Number of protein chains: 2
Amino acid sequence: MHDRRHHPIGTDVETLMGQFHAYLEKKQLKSTRQRDLIAQKFFSTDGHMSIEELLHLSRSENPRIGYATVYRTLKLLTECGLAALRRFGDGQTMYETAGDTEHHDHLICIECQHVLEFQNDDIEREQERVARSFGFNLVRHRLELYGLCPRARGIKGGWCPADEAALRKGD
Amino acid sequence: MHDRRHHPIGTDVETLMGQFHAYLEKKQLKSTRQRDLIAQKFFSTDGHMSIEELLHLSRSENPRIGYATVYRTLKLLTECGLAALRRFGDGQTMYETAGDTEHHDHLICIECQHVLEFQNDDIEREQERVARSFGFNLVRHRLELYGLCPRARGIKGGWCPADEAALRKGD
DNA sequence: ATCAGTGCAAAAAGTTTGCACGTGC
DNA sequence: GCACGTGCAAACTTTTTGCACTGAT
């Protein structure tokens, strides 16, 4: 019930769980109830999640989950490339579902704080060119655009496209 | 002696100090020895600086400078747009000289950790277009490219353009 | 049965704040 | 002289770690 994803890039929860388990196995680590629950919750929400959000989500199903376990699990997910740390300008620390990490950038409304994802091939291409021009091999990038959404700008009937994403967290 | 800047965009230290003083005056704040020293050191190093680096630099001239004063001064500088907070992926928190904040992006070597600045108008233009296409008014952005510099890639005689910037900190 | 994982609480790291004293204006 | 600034230490916040106990293989 938590697997409604809105962007086409996303891999489904099951696949991601599979990759996670594969990683655990490879590293001879154990697959536990807590890890599964946390990973499940994490994969089921797209966009971005704070540690605290993830803790609360997980506790809603198992109230005894501790902070440390969430941190530790998120570290594992990051190691195997299924999660990525993201620190936005104002200091909020968030994690995002990866696997598709390379493939989207962020558009953030500085009024609503909501985050929208987008992709633009022209920009990607140009980035490659810039990196090459310095002799670099581009491994990954991060692009964040900060601005005002239609609503924040006071446009009548203006609406923030990012609201949609934020609302979805409520389900 | 600390004002060697390498990129053409930068305003010189004196001008920046002037802007800082103007801001203090406007806000009816006082210009003190400590604030001046810290701002001076900050403006004199380009690229990025951590709180700790700035503290040490300042203490080398006045050992009694405290952490709190550095934090407070950096907050002032940020308020008036002369400094900008930057949180890189791995968690290092840095400040950078602004005024030219809007005008450059970052190319980071994931091996050396050094940071190189660049500008690309095509990318900027495309960013504007993307924002507009979502109905956003673009206020600012942040672009970071992570990759491997020539040296890190093991190219013979390969050198990391970012080294230059890092070396300059030593003066 | 074994050894890694968990939960808790304590510790560490990073940042902010309260307060007595100092200092620009 | 007064109000704001400073330095120090304490408080907070966020993340990590140590340890006794639990649980997956």
Side-chain angles (χ1 to χ4, degrees), chain A residues 17 20-42 48-80 83-95, chain B residues 17 20-42 48-80 83-95:
Chain A
M17 288 300 290
F20 183 38
H21 285 149
Y23 177 75
L24 292 178
E25 192 157 352
K26 193 182 71 186
K27 286 273 194 162
Q28 318 233 66
L29 300 174
K30 288 168 185 167
S31 157
T32 67
R33 237 171 297 145
Q34 293 91 328
R35 282 178 180 169
D36 283 3
L37 173 57
I38 295 168
Q40 175 77 230
K41 292 290 182 187
F42 180 67
H48 313 79
M49 218 184 304
S50 65
I51 295 272
E52 202 139 345
E53 275 173 349
L54 185 50
L55 178 71
H56 288 327
L57 270 177
S58 303
R59 281 196 172 156
S60 74
E61 206 142 311
N62 174 353
R64 305 211 40 214
I65 297 274
Y67 253 102
T69 304
V70 175
Y71 272 102
R72 289 189 275 230
T73 304
L74 234 18
K75 181 170 281 176
L76 282 176
L77 289 169
T78 302
E79 276 167 31
C80 64
L85 180 70
R86 206 106 228 171
R87 291 161 148 264
F88 290 107
D90 53 352
Q92 47 177 170
T93 299
M94 310 237 93
Y95 280 83
Chain B
M17 288 301 288
F20 183 37
H21 286 149
Y23 177 76
L24 292 177
E25 192 156 354
K26 195 182 73 187
K27 285 274 197 162
Q28 318 233 66
L29 300 174
K30 288 167 187 168
S31 157
T32 68
R33 233 168 306 143
Q34 293 90 329
R35 281 179 182 168
D36 282 3
L37 172 58
I38 294 168
Q40 175 78 231
K41 291 290 184 189
F42 180 66
H48 313 79
M49 215 182 307
S50 66
I51 295 273
E52 203 138 345
E53 274 173 350
L54 186 50
L55 177 70
H56 288 328
L57 270 178
S58 304
R59 282 197 172 155
S60 74
E61 204 139 314
N62 174 353
R64 304 210 41 212
I65 298 273
Y67 253 102
T69 304
V70 176
Y71 272 103
R72 290 189 275 229
T73 304
L74 234 19
K75 183 171 279 178
L76 282 176
L77 289 169
T78 303
E79 275 166 32
C80 64
L85 180 72
R86 207 107 228 169
R87 290 160 148 264
F88 290 106
D90 53 352
Q92 48 178 169
T93 298
M94 310 237 95
Y95 280 83

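Quantities reported herein were computed from a predicted structural model and do not represent experimental measurements. Quick note on labels: first sequence line is chain A, next is B, and so on, each numbered from 1.
Contact check of residues 25-36 of chain A against DNA chain C (heavy atom, cut-off under 4.0 Å) returns A/L29, A/K30, A/T32, A/Q34, A/R35. A heavy atom closer than 4.0 Å to some atom of DNA chain C occurs in B/A68, B/Y71, B/R72, these being the qualifying members of residues 62-73 of chain B.
Across the protein-nucleic acid pair, A/L74 atom CG and D/dT14 atom P stand 16 Å apart, rounded to whole Å. In this structure, the CD1 atom of A/I38 is 7 Å from the P atom of C/dG7, given to the nearest Å. One can place CG of A/L55 at 13 Å from C1' of D/dT14, the figure rounded to the nearest angstrom. Between the P atom of D/dG5 and the CG atom of B/L77 lies a distance of 14 Å, rounded to the nearest Å. For A/L37 and C/dG5, the CG to P distance is 17 Å, given to the nearest whole Å. The CD atom of B/E52 sits 10 Å away from the C1' atom of C/dG14 (whole-angstrom rounding).
B/L54 has its side chain out of reach of B/I51: every pair of non-hydrogen atoms, C-beta onward, lies at least 4.5 Å apart. In this structure, A/E61 and A/K41 have side chains that are in contact, with non-hydrogen atoms separated by less than 4.5 Å. B/K27 is not listed as a side-chain neighbour of B/L76, based on a closest heavy-atom distance of 4.5 Å or more.
Residues passing the side-chain hydrogen bond (donor to acceptor under 3.5 Å, both in side chains) test with B/E25: none are found, sequence neighbours excluded. For B/Y95, the side-chain hydrogen bond (donor to acceptor under 3.5 Å, both in side chains) test picks out no residue, with sequence neighbours left out. Take A/R33 and apply the side-chain contact (heavy atoms from CB on, under 4.5 Å) test, not counting sequence neighbours, and it matches no residue. Under the side-chain hydrogen bond (donor to acceptor under 3.5 Å, both in side chains) criterion, A/Y71 pairs with no residue at all, not counting sequence neighbours. Under the side-chain contact (heavy atoms from CB on, under 4.5 Å) criterion, A/H21 pairs with A/M17, A/L24, A/S31, A/D36, sequence neighbours left out. Partners of B/K75 according to the side-chain contact (heavy atoms from CB on, under 4.5 Å) rule, which considers only residues two or more places apart in sequence or in another chain, are B/E79. Applying the side-chain contact (heavy atoms from CB on, under 4.5 Å) criterion to B/K30, with sequence neighbours excluded, gives B/T32.
In this model, the phosphate group of C/dT15 is approached by a side-chain N or O of B/T93 to a distance below 4.0 Å at OP1 or OP2.
Side chain of A/R59 to backbone of A/I65: a donor-acceptor contact under 3.5 angstrom is found.
Each end of the helix from C/dA1-D/dT25 to C/dC25-D/dG1 gets its own rotation axis from five pairs of C1' atoms, and the angle between them is 30° to the nearest 10 degrees.
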